[in-house]
Amino acid sequence: MTDTQNYRTVSYSQTTLTELMIPSYANFGGKIHGGILLSLMDKVAYACSAKHAGNYCVTVTVEGVHFLQPVEVGELVSLKASINYVGNTSLMVGIRVIAENVKTGKIKHTNTSYFTMVAKGDDDKPAQVPGLTLETREDARRFLEAIRRRELSQRYQTELANSKTRLSVETELHKLQDYRCQIAF
Ligand SMILES: CC(=O)SCCNC(=O)CCNC(=O)[C@H](O)C(C)(C)COP(=O)(O)OP(=O)(O)OC[C@H]1O[C@@H](n2cnc3c(N)ncnc32)[C@H](O)[C@@H]1OP(=O)(O)O
């Protein structure tokens, strides 16, 4: 932490996006499409990361998208985004999504996801982002958790790539007998 000039606080870029769930957002079952929520999450991740970076940002990876509870038409969805971690040109944005029934006031937490964004300069190349000033223990906890999350993700990607190269259909075909599929070749 040598360049003390170029740091921004977490609160500087914290962004909340609230949107009413209108009928055209619903699927055939009457619940809100997952794609609508993903699009809102991408939007708030962009707003939060671009504000911190002072630059245009692009989405690189999305982690932890599990829609645990359906969202209904008429509910107010709020997406709260904060910078959890910064690297050199990348940032991890944590997004907490809640849905509120305006009549009953009942609030449900639908998911928390993590978007990794990269800042781009005018030359369209990755550009360095300001460092992060951690003002609270909670800010520090999230930064530490993001480091762990990145390490686990890198290990998983390596393991996945290795397992693909090691996979032999001939030797592993017998495993399919426990699954609901039939071999037709
Ligand atoms: C508006 C929108 O969001 S559009 C959504 C679609 N997204 C895009 O168009 C992005 C397309 N992808 C790209 O442009 C490129 O892949 C980039 C800019 C994201 C990365 O380009 P690279 O040539 O790999 O750049 P480089 O190797 O310098 O990596 C840049 C940063 O991205 C990070 N990064 C690259 N790939 C990954 C990955 N799979 N997971 C996490 N971080 C990654 C690197 O760790 C590095 O971070 P750091 O500078 O903080 O250490």
Side-chain angles (χ1 to χ4, degrees), residues 10-11 13-53 55-102 106-120 126 129 132 138-164 167 179-181:
V10 174
S11 56
S13 57
Q14 236 158 16
T15 307
T16 301
L17 177 67
T18 299
E19 181 134 339
L20 174 66
M21 295 297 106
I22 57 176
S24 62
Y25 290 174
N27 59 28
F28 293 113
K31 313 290 184 196
I32 300 304
H33 275 294
I36 296 286
L37 296 172
L38 275 174
S39 169
L40 290 172
M41 284 155 63
D42 197 45
K43 202 185 272 185
V44 78
Y46 176 81
C48 178
S49 57
K51 171 98 175 158
H52 180 88
N55 246 328
Y56 177 67
C57 291
V58 292
T59 310
V60 195
T61 60
V62 179
E63 278 176 64
V65 179
H66 306 278
F67 296 119
L68 303 173
Q69 299 199 62
V71 176
E72 314 282 341
V73 171
E75 289 184 336
L76 276 182
V77 166
S78 293
L79 304 97
K80 190 171 181 186
S82 309
I83 303 293
N84 285 7
Y85 164 92
V86 299
N88 185 32
T89 64
S90 66
L91 315 91
M92 191 186 284
V93 183
I95 303 171
R96 185 179 165 84
V97 185
I98 58 162
E100 180 179 357
N101 178 316
V102 285
K106 194 178 166 201
I107 291 176
K108 61 190 174 201
H109 172 221
T110 73
N111 64 295
T112 296
S113 304
Y114 303 91
F115 277 55
T116 297
M117 316 290 289
V118 169
K120 293 258 185 121
V129 297
L132 197 62
E138 186 62 6
D139 291 348
R141 186 192 63 77
R142 288 193 177 134
F143 202 102
L144 288 164
E145 195 182 286
I147 293 170
R148 190 182 286 174
R149 195 175 289 283
R150 278 171 59 87
E151 285 169 357
L152 286 172
S153 171
Q154 277 156 9
R155 247 186 275 160
Y156 171 72
Q157 293 302 331
T158 309
E159 186 60 27
L160 192 66
N162 290 342
S163 76
K164 273 186 194 157
L167 186 88
Y179 291 86
R180 297 197 62 241
C181 60

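All values reported here derive from a predicted model rather than from experimental measurement. One-based numbering along the sequence shown.
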The side-chain contact (heavy atoms from CB on, under 4.5 Å) partners of Q14 (sequence neighbours excluded) come to V10, S11, S82
Looking at NZ of K80 and CD1 of I98, how far apart are the two atoms once the value is rounded to the nearest 0.5 Å? 9.0 Å
Pair L79, K43 - check side chain to side chain contact (heavy atoms under 4.5 Å, CB included), show working. CA-CA 10 Å; L79 304 97; K43 202 185 272 185; over 6 Å; no
Which value, rounded to the nearest 0.5 Å, describes the distance between I32 atom CD1 and L40 atom CG? 10.0 Å
Can R141 and E138 be said to form a salt bridge (Lys or Arg N to Asp or Glu O under 4.0 Å), step by step? CA-CA 5 Å; R141 186 192 63 77; E138 186 62 6; 2.7 Å; yes
Distance, nearest 0.5 Å, that separates CG of N111 from CE of M41: 5.0 Å
Could you walk me through whether D42 and F115 satisfy the side chain to side chain contact (heavy atoms under 4.5 Å, CB included) test, starting with their C-alpha distance in whole Å, then the side-chain angles of each, then the deciding distance to 0.1 Å, before giving a yes or no? CA-CA 8 Å; D42 197 45; F115 277 55; 3.6 Å; yes
What closest approach, in Å, do V97 and H109 show between heavy atoms, and which atom pair accounts for it? O-CD2, 3.3 Å
Please set out all donor-acceptor pairs under 3.5 angstrom arising from side-chain atoms of residues 84-96, sequence neighbours excluded.
residue: Y85; atom: OH; partner: R150; partner atom: NE; Å: 3.3
residue: N88; atom: OD1; partner: Q128; partner atom: NE2; Å: 2.8

Return the CZ to NE2 distance between F28 and H33, rounded to the nearest 0.5 Å. 7.0 Å
Pairing of R149 and E145 as salt bridge, 4.0 angstrom limit: yes
Are any non-hydrogen side-chain atoms of H52 and L132 less than 4.5 angstrom apart? yes
Mind listing the side-chain donor-acceptor pairs of residues 60-76 below 3.5 Å, one per line with the distance, residues two or more places apart or on another chain?
residue: T61; atom: OG1; partner: T116; partner atom: OG1; Å: 3.4
residue: E72; atom: OE1; partner: K31; partner atom: NZ; Å: 3.2
residue: E72; atom: OE2; partner: K31; partner atom: NZ; Å: 3.0
residue: E75; atom: OE1; partner: E72; partner atom: N; Å: 3.0
residue: E75; atom: OE1; partner: K108; partner atom: NZ; Å: 3.3
residue: E75; atom: OE2; partner: K108; partner atom: NZ; Å: 3.2

Might you point out which heavy atoms bring C57 and A119 nearest each other, and give the distance in Å? SG-CA, 3.9 Å
